[in-house]
> 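Take this structure first; my questions come after.
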Amino acid sequence: MAARGHVQDPNDRRLRPIYDYLDNGNNKMAIQQADKLLKKHKDLHCAKVLKAIGLQRTGKQDEAYALAQEVAALEPTDDNSLQALTILYREMHRPELVTKLYEAAVKKVPNSEEYHSHLFMAYARVGEYKKMQQSISAQDENLSKTMFLPLAERMVEKMVKEDKIEAEAEVELYYMILERLEKYKEALDVVRGKLGEKLTSELQSRENKCMAMYKKLHRWPECNALARRLLLKNSDDWQFYITYFDSVFQLIDESWTPPAEEEHSLEGEVHCSIEQAVSFIEERISEESKSSRPLRGPYLAKLELIRRLRRRGCNDEYKLGDPEELMFQYFKKFGDKPCCFTDLKVFVDLLPPSQYTKFIRQLLDVIPLAAAAENEVALPGDIKALQQHLCVVQLSRLLGIYHAMEKKQKLAVVRELMLRYRHGLEFGKSCLKTELQFSDYYCLLAVHLLLDLWLEGEEAAVWQCLTLLEEGLSHSPSNAQFKLLLIRIYCRLGAFEPVSELYSSLDAKHIQHDTIGYLLTRYAGSLGHYAAASQSCNFALRFFHSNQKDTSEYIIQAYKYGAFEKIPEFIAFRNRLNSSLHFAQVRTERMLLDLLLEANISTSLEESIKSMSLSPEEDDIPWKDLRDNRDLTVLFSWDPKDRDISEEHRKLSLEEETLWLRIRSLTLRLVSGLPTLGHTIQPKNSEKTAENGVSSKIDTIRALLQQLEAAVDSGKKFLEQKIQYPVLGPPPTRMAGFFSNGSCQCQTSLFYLVSDIYELDTNGLEDSAEIQERIGNSFKSLVERLTDLFNKCKGDLIEVRDGTLKTHPNLLENLVFFVETISIALWVSSYCDSVLRPFKSNLQKKKKKKKESSVAMPPVFTHFLDYVTELQTLTSNVIDHIKGLEIILTALKLEELSLKDTLLLQEEKKFTKTVQGKVQSSYHHSVQEIGELLKKRLDTIKKLKI
C-alpha cells in the first residue's frame, strides 16, 4: 500500500489505520478495524476491499473474492476503491478482473485521463492488444501525445508534417510501424533523412537500420558500399565482413557493373569482383600491422573468403595463400588468447585430413616448453605458453587425433593432461575462489577422453571421470563446466543426491531455469528422489509463473518510457516461455508427482484433482507451438563434427520429448477423469445418463484412451529407430523403459478396466455374466503383469565386479515405474470399490428380506477380493525386496574396494572414496523414499475390502 499523500478527504483519515495495519503485515487487526468502520459507514466501499485484502493474506481466498465482487458489482469510481481492488486482484493473480474494473470506470467517467491510462496498462498486462488500441483512440488528444502511443502510421505522419517529432523514441516508433507495414523504402527514407539524425542512443544505430532495409530491398550495391565504409572505420567488426562478402557474391551472381559516370551507389564506392574483395582484405591486413593493438578480424576475414571461394569452386585462381600456413601464422599471433581455439575451430575443415598430425606438430614446435629432465613432460614456463599449449590440445581433440588412439595411448594422454593440469595450478595460486584456474581445460579434456573409454566398455573409466572432476572442483569451486559434467555423469549412474547440491551451486538465474532446468527435472523423480523432484519442479514453475507477471510489467514500462522497439521483443519472449516444452513437461510431471505422493494418502484423489483444477476434457498444452528452449550445447565439447550433437539430434530429441509428454499428459488426464465417474445408487438408464452428464464423462475417458493408444504406437515406432545421442547430447526420455518393463501395458489395461467397470455399473449385476468374466480376466492378467514388472526390478543396484563398481540405474527406474503403476491400480481399485460396495449392500438387503441364506453372490465380488488380496501380497513382497536392498547397500563396504587402476595418486584415491560414497548414499536414499511411499500405498490397499 503506497504511502498516502496529504490527507484532505475525511474517508482517507478513517481508512489510514487499516492501511497501516496492512503495511505492517498485521492482517487480523486490519480486518477488525475494517469491520468497526463498516458498522458506522456501511457504504464505505474501500473499507470492504481493504478487509478483503486482509482476508486474502490470511488464506481466506473465497471470502476475499466474494467481498471484492460485491464492491466491483457497484462499479466504483473513487480512487481508493479502484487502487485497493487492483492490489487485491494482483495478489489473487487475476489481472483480467482489473480490466473489467477500469472498463466500468471509464464508461462512467469518460474524460478521466488517469482511468484511461490505467485501463490501457491493464490491457497490456493481460495481452489484450486489440483493446489497447481501442482504449487509446478513446482517450482525448492530450493523452495520446503524453503517452507517445500513436500506433498508426497516419498519426505519426501528421506529427512529422507538423514538425512535432522531437524524441528518438518517436522516430524509432515511426521506423517500427513502417517496417511492420513492409514499407521498407519509406523506412529507409526516414532513417537516412533529417529524422534519422535523432537516432543517437545506440552505437551505429542509424547504419544498422539502413543496412537492414537495404537487405530487405535487395539493394546489394548499397549494402556493399556501406559495409566497406564501416570496415574502413573499424576493421575488426565481424558482422560487416559477412555483409561485405554476401553482397560481393550477390553482385557477381547478378553480373552487376557500376554506372560509368554517376556515383556507384547512395553509399559510395562498390566492390563487385573477387579481385577487389581480395585486395580489400589484403589492405585491411596491412593496415592492421600499423594498429596499436592486434586485430583478429582481418586475418579471419581472409580465411572466410578462402572458404567461400572454395565453396564456389574457384580458389585456385586467386592466391590468398595456403589455409594451413595462414592458420599457423594466426596461431603465432593470437595463440596465447583463449579465443584462438574458437576462432580456428570454424576453419579447420579447410585442412586436408592427411595434414592434421603435421599441422599439430608444427604448432607444438613454436610453443616455448621446457622439460626438467630427459624423458619428462615438457611444461610451460608461464601462462602465455600454457594457453598456447591448451589451444593445441583442444585442436588435437577437434581434429579427431585422440579418438583414433588405442586404449593404452588414451590412458597415457589422460595421465599427461592431469600432470599438466596440476602443474598449471601453480599459475593460479593467487586466483580468487570465484575465478577459474588457468589449467582447468586440461582436466576437462582428460575427462572427455575417459568418457570415450567408458563408452567403449571400460567400466572403471567413469569412476575416474568423477574423481578427476571432484578434484578439479576442489581447486576451482566456481567452474560451471565441472559441475555440469558431474551432474550428467552422476545422473547416468543413477545417483541423484549429489546433483541437487551441484545444481543449486550453479546459481541458475531467470531464463536458465528453462534452458538448463531439464538436467535436473529429467532425473529427480525417475530416480526415486521424490522430495527433490518436487523442489526442482517448484523452482522451474516459480520462474514460469513469475515471468508471466513480470513480462507484463516490462511491457508497461516500455510503453511508459517510449522504448517501443522493446515491446515486440518482450511479447515474443513471453510467448516463447508460455509455449516452452520444459514448462509443459514440468507442469505435467509435477501434477503426476503430487497425485503419486498425496492422492488417497493424505487427501482423496477427488480433492487432489480439484485442488489442481484438473479436468479430463481440458488440454492446456500448446502442441502446435511447443518451443524447445533447452540449451543442448551448455556442456563444452571438442568432438569432431561427426561425433558432436547435430541438428538431426535436436529434431529427434524434440520429437521424442513431445511423444513422451503426450503419453504423460494423457495419463494425467485419464487419472483426473476417475472421480468424475461418480457412482449413483440405482442402475442408470440411458435418458438419465445423458441428463446428468456422466455418459459424456465415460465417452471422454474412452476417447482419451484411444489417444493414449495412438501416442504409445507412435512412441514405439520412434524407438524402433534405435537413436543414439552423443554422450553429452540431449538425455533420452524414460519412454524406452516405460515400454520395455511392461508399465505401459499395465497402465493401459487399468484404464480399459475402468471402462468395463462403468459398463457393469450402468447395466447392473443381472445379465452381466460376460462383463463380470471380462473383469475377472482383467484382474488376473493385471496381477501377472504387475508381477512381471516387479521381476524386472530385481537384482543388485550396485555390484562390485573385478574390483570395479557397477551401478544399475535401470532397476531403480523400473522400481519407480512400479510404484506409479501400483498407485494407478489403487485409484482404479477405489473406483471399482465405489461401484461394487452399493451392489453388495443391496444384495444383503434382499437377503434379509427374503430370509434366504443362499442368495448367490455374483462372481465379480470374489474376483475383486482375490485381486485386492494379491495386490496386497505383491506390494508386501516389493517392500520386503526394498528392505533387502537397503541392507545390501548399507553393508556394501566401498573402502575395501581396491581400485584396479594403481595409477591413481593418493589424493585421487581420497576423491574416489568420496565419489563412491555419494553414489552409495544416493541409492540408499532413493530406495528409502520408494519404500516409504510403498508402505503408505499398502495401507490404502488394506482399506479396500468391500
Side-chain angles (χ1 to χ4, degrees), residues 281-282 285 294 296 298-311 313-371 374-381 384-417 419-420 439 441-442 444-446 448-449 452 636-644:
I281 297 302
E282 295 288 9
I285 289 175
R296 292 147 51 219
Y299 297 97
L300 294 171
K302 198 170 191 178
L303 287 164
E304 175 67 20
L305 184 55
I306 290 176
R307 189 165 66 168
R308 288 183 180 227
L309 289 169
R310 193 172 281 190
R311 264 195 220 141
C314 56
N315 187 37
D316 298 332
E317 299 165 44
Y318 307 99
K319 295 294 182 200
L320 275 154
D322 174 26
E324 188 182 338
E325 180 56 29
L326 290 173
M327 286 160 87
F328 174 59
Q329 294 303 332
Y330 187 83
F331 175 79
K332 285 209 301 199
K333 204 169 174 67
F334 299 103
D336 59 342
K337 304 279 186 288
C339 59
C340 184
F341 168 73
T342 42
D343 287 346
L344 292 180
K345 181 183 180 179
V346 188
F347 300 108
V348 289
D349 53 355
L350 295 175
L351 297 173
S354 56
Q355 298 293 315
Y356 287 172
T357 319
K358 177 182 156 243
F359 176 64
I360 292 294
R361 257 203 309 272
Q362 194 184 3
L363 298 184
L364 281 172
D365 288 344
V366 295
I367 305 173
L369 299 176
E374 222 176 301
N375 299 334
E376 279 196 19
V377 175
L379 296 166
K384 276 192 170 186
L386 182 140
Q387 287 287 11
Q388 285 177 308
H389 189 268
L390 250 181
C391 179
V392 178
V393 175
Q394 293 174 77
L395 283 167
S396 305
R397 172 91 184 162
L398 180 70
L399 296 172
I401 291 169
Y402 292 155
H403 294 89
M405 290 177 175
E406 301 281 302
K407 179 187 157 186
K408 262 189 180 172
Q409 286 175 295
K410 280 185 182 172
L411 283 171
V413 172
V414 169
R415 279 197 298 280
E416 186 199 322
L417 289 173
L419 176 77
R420 291 184 178 284
S439 59
Y441 278 12
Y442 282 128
L444 277 174
L445 283 152
H448 279 238
L449 272 162
D452 293 347
F636 288 171
S637 168
W638 294 274
D639 288 338
K641 257 188 193 161
D642 58 331
R643 286 168 174 264
D644 208 4

> Can you find a heavy atom in the side chain of F331 that is under 4.5 Å from one in the side chain of V366?
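Counting from C-beta outward, F331 and V366 do come under 4.5 Å.
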> What heavy-atom pair brings Q387 and P338 nearest, and what distance separates the two atoms?
NE2-CG, 3.8 Å
> Please examine the side chains of Y299 and Q329, heavy atoms only from C-beta on, and report whether any two atoms are closer than 4.5 Å.
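SC-SC contact between Q329 and Y299 ruled out.
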> Hey, are R397 and D452 close enough for a salt bridge, meaning a charged N less than 4.0 Å from a carboxylate O?
yes
> Any sub-3.5 Å donor-acceptor pair from R296's side-chain atoms to F334's backbone N or O?
no
> Nearest 0.5 angstrom please: D349 CG to L399 CG, how far?
10.5 Å
> Counting only heavy atoms not in E376 (residues, nucleotides, ligands), do more than 12 fall under 6.0 Å from its CD?
yes
> Shortest non-hydrogen contact from D644 to S637?
OD1-OG, 3.3 Å
> Any side-chain to backbone donor/acceptor pair from Q355 onto P352? Under 3.5 Å, distance only.
no
> Rounded to the nearest 0.5 Å, how far apart are CG of L411 and CG of L449?
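It comes to 9.0 Å.
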> Before giving the answer on ring-ring contact (aromatic ring centres under 6.0 Å, His included), spell out for W638 and Y402 the whole-Å C-alpha distance, their side-chain angles and the decisive distance to 0.1 Å.
CA-CA 11 Å; W638 294 274; Y402 292 155; over 10 Å; no
> Of the non-hydrogen atoms in G321 and I306, which two are nearest, and what is the gap between them?
O-CD1, 3.9 Å
> Using the side chain to side chain contact (heavy atoms under 4.5 Å, CB included) rule, take L344 and L398 through it: C-alpha gap first, then chi angles, then the decisive distance, then the call.
CA-CA 11 Å; L344 292 180; L398 180 70; over 6 Å; no
> Would you say the rings of F347 and Y330 are close, in the sense that their centroids are separated by under 6.0 Å?
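No, ring centres 6.0 Å or more apart.
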> Would E304 and I281 count as a side chain to side chain contact (heavy atoms under 4.5 Å, CB included) if you check the C-alpha gap in whole Å, the side-chain angles of each, and the deciding distance to 0.1 Å?
CA-CA 11 Å; E304 175 67 20; I281 297 302; over 6 Å; no
> What are the two closest non-hydrogen atoms of G335 and C340, and how far apart are they?
CA-SG, 3.8 Å
> Rounded to the nearest 0.5 Å, how far apart are CD of Q409 and CD of E416?
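These two atoms lie 12.0 Å from each other.
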> Among L390, V348, I401, which one satisfies side-chain contact (heavy atoms from CB on, under 4.5 Å) with L395?
V348
> How long is the straight-line distance from NZ of K358 back to CG of L363, given to the nearest 0.5 Å?
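One finds 11.0 Å between CG of L363 and NZ of K358.
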> Is any side-chain heavy atom of L326 closer than 4.5 Å to a side-chain heavy atom of L350?
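In short, these two side chains do not touch, never coming nearer than 4.5 Å.
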> Could you give the distance from NZ (K407) to NZ (K410), rounded to the nearest 0.5 Å?
11.0 Å
> Which heavy atom of I367 sits nearest a heavy atom of A385, and at what distance?
CG2-O, 3.7 Å
> Run the numbers on F328 and E324 for side chain to side chain contact (heavy atoms under 4.5 Å, CB included), then give the verdict.
CA-CA 6 Å; F328 174 59; E324 188 182 338; 5.8 Å; no
> Measuring from atom CG of L369 to atom CG of L379, what distance do you get when rounded to the nearest 0.5 angstrom?
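Rounded to the nearest 0.5 Å, the CG-CG separation comes out at 7.5 Å.
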> Please examine the side chains of P368 and Q388, heavy atoms only from C-beta on, and report whether any two atoms are closer than 4.5 Å.
yes
> Do L386 and R420 come close enough that some side-chain heavy atom pair is under 4.5 Å?
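Not touching, per the 4.5 Å side-chain cut-off.
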> Could you check if a side-chain atom of D343 sits within less than 4.5 angstrom of a side-chain atom of K337, using non-hydrogen atoms only?
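In short, these two side chains do not touch, never coming nearer than 4.5 Å.
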> Can you find a heavy atom in the side chain of L303 that is under 4.5 Å from one in the side chain of V346?
no
> Please give me the minimum heavy-atom distance between P640 and H403, naming the atom from each residue.
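Nearest pair, atom of P640 first, then H403: CD-CE1, 3.2 Å.
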> Quick one: are L364 and H389 in side-chain contact, heavy atoms under 4.5 Å?
yes
